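These notes are about the structure you will find just below.
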2 protein chains.
Amino acid sequence: MSSPTILPTTPPKILPNPGQGLLTKTCTAIDANGQAFQLEAVVEQAITLYLNSQEIVTMMTVGDYPRWLALGYLRNQALLGDDEIVLGVEYDEELSVIIVRTDRMTRFEERQQKKIRTSGCALGTIYADVMDGLASRNIDWQAGDRQWSASFIQKIARNIPQIPSLYLEAGSIHGCVLIKGEEILAYFEDVGRHNAVDKIAGYMLDYQIEGKESCLYTTGRLTSEMVIKSVMMGIPMVISRSGVTEFGARLAQETGLTLVARARGNRFLIFSGAKRVLFDHPADTILKESYDDMG
Amino acid sequence: MSSPTILPTTPPKILPNPGQGLLTKTCTAIDANGQAFQLEAVVEQAITLYLNSQEIVTMMTVGDYPRWLALGYLRNQALLGDDEIVLGVEYDEELSVIIVRTDRMTRFEERQQKKIRTSGCALGTIYADVMDGLASRNIDWQAGDRQWSASFIQKIARNIPQIPSLYLEAGSIHGCVLIKGEEILAYFEDVGRHNAVDKIAGYMLDYQIEGKESCLYTTGRLTSEMVIKSVMMGIPMVISRSGVTEFGARLAQETGLTLVARARGNRFLIFSGAKRVLFDHPADTILKESYDDMG
């Protein structure tokens with residue numbers, strides 16, 4: 001997919017922007033003593049996404065970066081193919097509608113029309129289409145491909161949670177970070193972990209950033225959905241502060257994705273694709289910690 | 001909505017069933033030392049839901065209680081009205097398909113057919129339909145309605161996380177508990193917090209349990225989605241271990257739902273509907289704890 005919108009060639013570094021009061025509002029709550037207590041809570045709004053004239057989905061989001069959310073969603077759900085050309089993205093803030101327009105009808109829309117003529121609306125079959133698309137994407141580590149050290153994973157797991165963020169300000173929000181080589185390029189946050197990763201996909205599309213040599217850090221669990229999105233983006237390694245589902249781990253093994261979960265402090269567990277990780281510590285320098293307290 | 005399926009009149013108490021190896025599988029991971037480490041991870045499977053001949057959605061679920069998940073999803077999304085009669089629910093485990101059949105075409109299907117004839121598939125508009133439906137449901141506390149004490153909320157927040165569960169066994173799963181009065185009726189877990197609450201809605205439908213006098217406990221964040229589902233179920237109070245979004249809190253205020261969040265140990269914060277809570281502690285018996293470390 002290519003986009004004719006004129007953008008700077010060097011991707012801007014994106015970091016969370018807490019403390020502006022734009023994405024949080026002050027709420028008054030009452031505590032267990034019956035006393036009033038004020039705190040910040042993240043905002044959440046509904047934005048309805050159209051692909052040309054086709055209504056696709058209503059997304060609950062904090063509402064920053066709607067363009068990247070829309071493009072990334074369509075891309076990660078395989079609703080926009082590599083060769084489909086985006087003419088523009090229109091966001092109507094008042095109507096909470098975002099429309100992605102392509103130069104011609106997309107293959108997804110053609111399929112939908114066919115389905116509607118036969119058995120009615122079938123947005124649910126997106127899942128089957130995505131799984132079909134996944135089978136052709138293999139990102140197994142090959143000799144010469146980039147590797148990351150265990151100490152880099154530990155550094156990321158320790159440092160990213162310290163970066164000022166909406167999470168640190170208000171909680172109840174997931175973060176997802178795109179790392180190229182060892183450099184943080186973009187850190188997005190959103191109500192759902194899938195939105196944060198979709199924004200990364202949209203950002204990558206606009207700046208034509210390849211997934212190769214990149215890794216993702218996420219605060220969210222590594223379910224099958226997160227594994228599918230990562231593979232769709234061509235990103236070979238994902239690091240999460242949280243755990244995995246068995247299907248998430250299995251899909252990662254089948255596609256060659258390196259899946260690192262429960263990464264907190266010096267701890268982490270690799271569930272798939274360990275060839276991408278260089279164990280650079282003598283065993284006795286690693287802290288012995290328990291995995292038992294990790295959700 | 002009524003269901004002609006014959007069921008015992010007394011609802012069975014549902015608790016998680018860990019340790020059976022049915023909903024978890026052993027995964028082998030590699031730790032930061034390069035050593036193999038075995039642990040349990042929850043399974044996750046795709047089940048595609050049909051309402052009669054209409055494909056609705058593909059749900060990622062641990063896969064227990066598909067009947068309740070299907071019925072509850074349709075109910076909470078306002079795809080099944082109060083007066084629509086379910087003839088049966090067929091689950092084909094091999095095909096991973098579940099079909100809910102009603103005695104006639106539902107209003108949702110009629111609307112879909114109309115929309116398909118005019119502007120194509122529009123499952124996204126479900127959201128607008130749900131929000132319309134919400135406006136007519138007000139569950140403001142009225143004099144004489146049930147109240148719960150602060151010490152009951154604290155007991156729930158302390159005790160539920162101790163109940164043996166998939167979460168304690170494997171992590172990476174959300175729980176949702178239906179409490180009638182002060183008695184735990186059903187504790188469901190699922191990969192997504194929305195699935196766990198949908199299973200409760202399905203269970204309530206089958207046993208014709210009214211939301212009145214009930215409360216929900218959930219491990220998940222109180223986003224607008226959770227508030228909407230609770231109100232759709234007629235449940236007047238929700239207690240969460242996690243935080244809220246601002247829109248979640250606002251919707252709760254508008255509908256009269258009592259929203260209790262960040263309930264851990266003796267702490268909790270009420271964001272809406274505090275009239276349902278009796279502050280039964282002298283102020284000096286409450287532990288002074290910090291809210292800062294709470295996601």
Side-chain angles (χ1 to χ4, degrees), chain A residues 24-25 27 29-34 37 39 41-46 48-49 53-58 60 112-113 116 119-125 127 150 153-154 167 171-172 191 221 223-225 242-249 266-271 274 279 281 283 286 291 294-295, chain B residues 24-25 27 29-34 37 39 41-46 48-49 53-58 60 112-113 116 119-125 127 150 153-154 167 171-172 191 221 223-225 242-249 266-271 274 279 281 283 286 291 294-295:
Chain A
T24 63
K25 281 190 182 163
C27 289
I30 294 169
D31 71 13
N33 299 309
F37 184 91
L39 73 171
V42 290
V43 301
E44 185 193 5
Q45 61 170 297
T48 300
L49 169 63
S53 63
Q54 172 88 58
E55 184 179 333
I56 302 291
V57 71
T58 295
M60 299 308 301
Q112 276 302 106
Q113 286 212 336
I116 287 166
S119 65
C121 174
L123 268 178
T125 50
Y127 178 77
I153 295 172
Q154 291 166 325
Y167 178 76
S172 291
V191 178
R221 289 170 295 153
T223 60
S224 58
E225 189 189 18
S242 301
V244 300
T245 64
E246 185 273 336
F247 187 40
N266 284 318
R267 301 173 296 190
F268 63 79
L269 290 173
I270 308 169
F271 284 83
F279 296 95
H281 290 293
I286 303 277
Y291 295 95
M294 305 172 79
Chain B
T24 62
K25 280 189 182 166
C27 289
I30 294 171
D31 71 13
N33 299 309
F37 185 90
L39 73 171
V42 290
V43 300
E44 185 192 4
Q45 60 170 298
T48 301
L49 169 63
S53 63
Q54 172 88 58
E55 184 178 333
I56 301 293
V57 71
T58 296
M60 298 308 301
Q112 276 301 107
Q113 287 211 333
I116 287 167
S119 64
C121 174
L123 268 177
T125 50
Y127 178 77
I153 294 172
Q154 292 166 324
Y167 178 77
S172 292
V191 178
R221 288 171 293 151
T223 60
S224 58
E225 189 189 19
S242 301
V244 301
T245 64
E246 186 273 336
F247 186 40
N266 284 319
R267 301 174 296 191
F268 62 80
L269 290 172
I270 307 170
F271 284 83
F279 296 94
H281 290 293
I286 302 276
Y291 294 95
M294 305 172 78

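Throughout, protein chains are lettered first and strands after them, A, B, ... in sequence-line order, and every chain is numbered starting at 1. All values derive from a computational prediction rather than experimental measurement.
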Where A/Ala32 and B/Ala150 come nearest, the two heavy atoms and their spacing: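 Scanning both residues completely, I find the closest heavy atoms to be O-CB, 4.2 Å.
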- request: Heavy atoms only: give me the nearest A/Ala249-B/Cys27 pair and the separation to one decimal.
  value: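 Taking A/Ala249 first and B/Cys27 second, the nearest heavy atoms are CB-SG, 4.5 Å.
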[X] side, atom [atom1]; [Y] side, atom [atom2] - distance, nearest 0.5 Å:
X        : Y        : atom1 : atom2 : result
B/Ile30  : A/Phe279 : CD1   : CZ    : 5.5 Å
A/Asn266 : B/Asp31  : CG    : CG    : 11.5 Å
B/Glu246 : A/Thr24  : CD    : OG1   : 9.5 Å
B/Phe271 : A/Phe37  : CZ    : CZ    : 8.5 Å

According to salt bridge (charged side-chain N to carboxylate O under 4.0 Å, His left out), who are the partners of A/Glu44, at least two apart in sequence or on a separate chain?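 A/Glu44 satisfies salt bridge (charged side-chain N to carboxylate O under 4.0 Å, His left out) with no other residue.
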Original post:
Could you go step by step and tell me if B/Thr245 and A/Val191 meet the side chain to side chain contact (heavy atoms under 4.5 Å, CB included) rule?
Top reply: CA-CA 8 Å; B/Thr245 64; A/Val191 178; 4.2 Å; yes
Can you list the residues that meet the side chain to side chain donor-acceptor pair (under 3.5 Å) rule with B/Glu225, with sequence neighbours excluded?
->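 With neighbours one apart ignored, the set is empty.
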By a 4.5 Å heavy-atom criterion (distance strictly below it), what part of B/Leu49 contacts chain A: side chain, backbone, both, or neither?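 Neither part.
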**Message:** Under 4.5 Å from any heavy atom of chain B, what part of A/Ile153 do you find: side chain, backbone, both or neither?
**Reply:**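 Interface part for A/Ile153: neither.
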Q. Can you find a heavy atom in the side chain of B/Leu39 that is under 4.5 Å from one in the side chain of A/Leu269?
A.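 The answer is yes, as the side chains (C-beta and beyond) meet within the 4.5 Å cut-off.
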Open item on the list: Heavy-atom pairs under 4.5 Å with chain B - which of A/Ala46, A/Ala274, A/Ser224 has more of them than the others?
Closed with: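 Maximum pair count with chain B is reached by A/Ser224.
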